[in-house]
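Okay, so here's the structure we're looking at.
Nothing here was measured: the structure is a model prediction, and the numbers come from that model.
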Amino acid sequence: LQKLIHLLQATDDPLIQEQALITLSNSAAFSVNQDIIRNLDGLSVIGGMLSDCVPKVKEKALNALNNLSMNIKNQEEMQVYITQVCRNVESAPLNSDLQLAGLRLLTNMSVTGDYHHKMINSIPCFLHLLSEGTERTQIQVLKVLVNLSTNPAMTRHLLRAQV
């Protein structure tokens, strides 16, 4: 895991980055590896890939973060990326794998109410995706909206959102 994280830092080759992110994502499916990746500063390295201009690299980084987000301590560190993930969802092509990867991560990050306030500005986008997206996109958006709706502090924002 340490070598993969160092490889991500050392290369600009998108194909190598994708493969390293896929391997880290698969490794993160095991809870023991989630802690190891966090302790190796892997969350910030993977999170840094969200700024990459190559959509496939961003998508793979989102998938890795999604698997890593099953851990509360990881969520605490990853919450700094929520606004950026929301921007990626908004700017991604409609129904793309990149958009779906971002929505899956937002679903996990919105299970508790701790980070709902970071998603307020994206509610109009979520409602637009619910209206315009394919069934797969709609299901992912609904999961995020259901999670947000469990928080009474979000009621006003959800009901006042302009679509």
Check for me, please, whether Phe30 and Ile22 land in the same ILVMFWY cluster - side-chain distances under 4.5 Å, paths through other members count. no
Honestly curious: do Leu105 and Val54 fall in one hydrophobic cluster under the side-chain, below-4.5 Å linking rule? yes
Asn63 side chain near Glu59 side chain, heavy-atom distance below 4.5 Å: yes
In this structure, would Leu50 and Tyr115 fall into the same cluster of hydrophobic residues linked by side-chain contacts under 4.5 Å? yes
How close do Gly133 and Gln138 get, counting heavy atoms only, and between which atoms? O-NE2, 3.3 Å
Do Ser131 and Leu127 have side chains that get closer than 4.5 Å, going by heavy atoms? no
When rounded to the nearest 0.5 angstrom, what distance separates CD in Gln84 from NZ in Lys118? 12.0 Å
Would you kindly confirm whether Leu94 and Leu62 end up in one hydrophobic cluster when ILVMFWY residues are joined by side chain heavy atoms under 4.5 Å apart? yes
State, yes or no, whether a side-chain contact exists between Thr137 and Glu132 at a heavy-atom distance under 4.5 Å. no
Donor-acceptor pair, Thr23 side chain versus Gln19 backbone, under 3.5 Å? yes
Test of understanding: with side-chain contact (heavy atoms from CB on, under 4.5 Å), list the residues that count as partners of His117, not counting sequence neighbours. Ile120
To the nearest 0.5 Å, what is the distance between OG (Ser31) and CD1 (Ile36)? 10.0 Å
Among all residues two or more places apart in sequence or in another chain, which pass the side-chain contact (heavy atoms from CB on, under 4.5 Å) test with Ala64? Ser25, Ile46
Arg87 bridged to Glu90 by N-O distance under 4.0 Å: no
Side chains of Arg104 and Asn66: is there a donor and an acceptor less than 3.5 Å apart? no
Do Leu106 and Gln140 have side-chain heavy atoms sitting under 4.5 Å apart? no
Establish whether Val146 and Ile82 are linked, either directly or via other cluster members, by ILVMFWY side-chain heavy-atom contacts under 4.5 Å. no
Working to the nearest 0.5 angstrom, can you tell me the gap between Thr83 OG1 and Asn121 CG? 8.0 Å
Check the pair His116 / Thr150 against side-chain contact (heavy atoms from CB on, under 4.5 Å), numbers first and verdict last. CA-CA 10 Å; His116 287 179; Thr150 63; 4.2 Å; yes
When every non-hydrogen atom of Gln99 is compared with those of Asn95, the smallest separation belongs to OE1-N, 2.7 Å
To check you understand the geometry: which heavy-atom pair defines the closest contact between Glu18 and Val57, and what is its length? CG-CG2, 4.1 Å
Side chain to side chain, Leu8 and Leu24, heavy atoms closer than 4.5 Å: yes
Quick check for you: to the nearest 0.5 Å, what is the distance between Ile139 atom CD1 and Leu130 atom CG? 11.0 Å
Which atoms form the tightest heavy-atom contact between Leu148 and Ser110, and what is the distance? CD2-CB, 4.4 Å
Any side-chain heavy atom of Ile5 sitting closer than 4.5 Å to one from Asp41? no
For the residue pair Lys56 and Pro14, establish whether any side-chain heavy-atom pair is separated by less than 4.5 Å. no
Is any side-chain heavy atom of Ser44 less than 4.5 Å from a side-chain heavy atom of Tyr81? yes
With a 3.5 Å cut-off and no angle check, do the side chains of Lys60 and Gln17 form a donor-acceptor pair? no
Where Ala20 and Leu7 come nearest, the two heavy atoms and their spacing: CB-CD2, 4.4 Å
Just checking, is any N or O donor in the side chain of Ser69 or Gln34 under 3.5 Å from an acceptor N or O on the other one? no
I need the minimum non-hydrogen distance between Asp52 and Lys58, along with the two atoms involved. O-CE, 2.8 Å
Please evaluate residues Val89 and Ser122 with respect to the criterion side-chain contact (heavy atoms from CB on, under 4.5 Å), reporting the C-alpha separation (whole Å), side-chain torsions for both, the decisive distance (0.1 Å), and the verdict. CA-CA 9 Å; Val89 167; Ser122 293; over 6 Å; no
Once you round to the nearest 0.5 Å, how far does CE of Met109 lie from CE of Met78? 5.0 Å
Rounded to the nearest 0.5 Å, what's the gap from CE on Met154 to CG on Leu159? Could you check? 11.0 Å
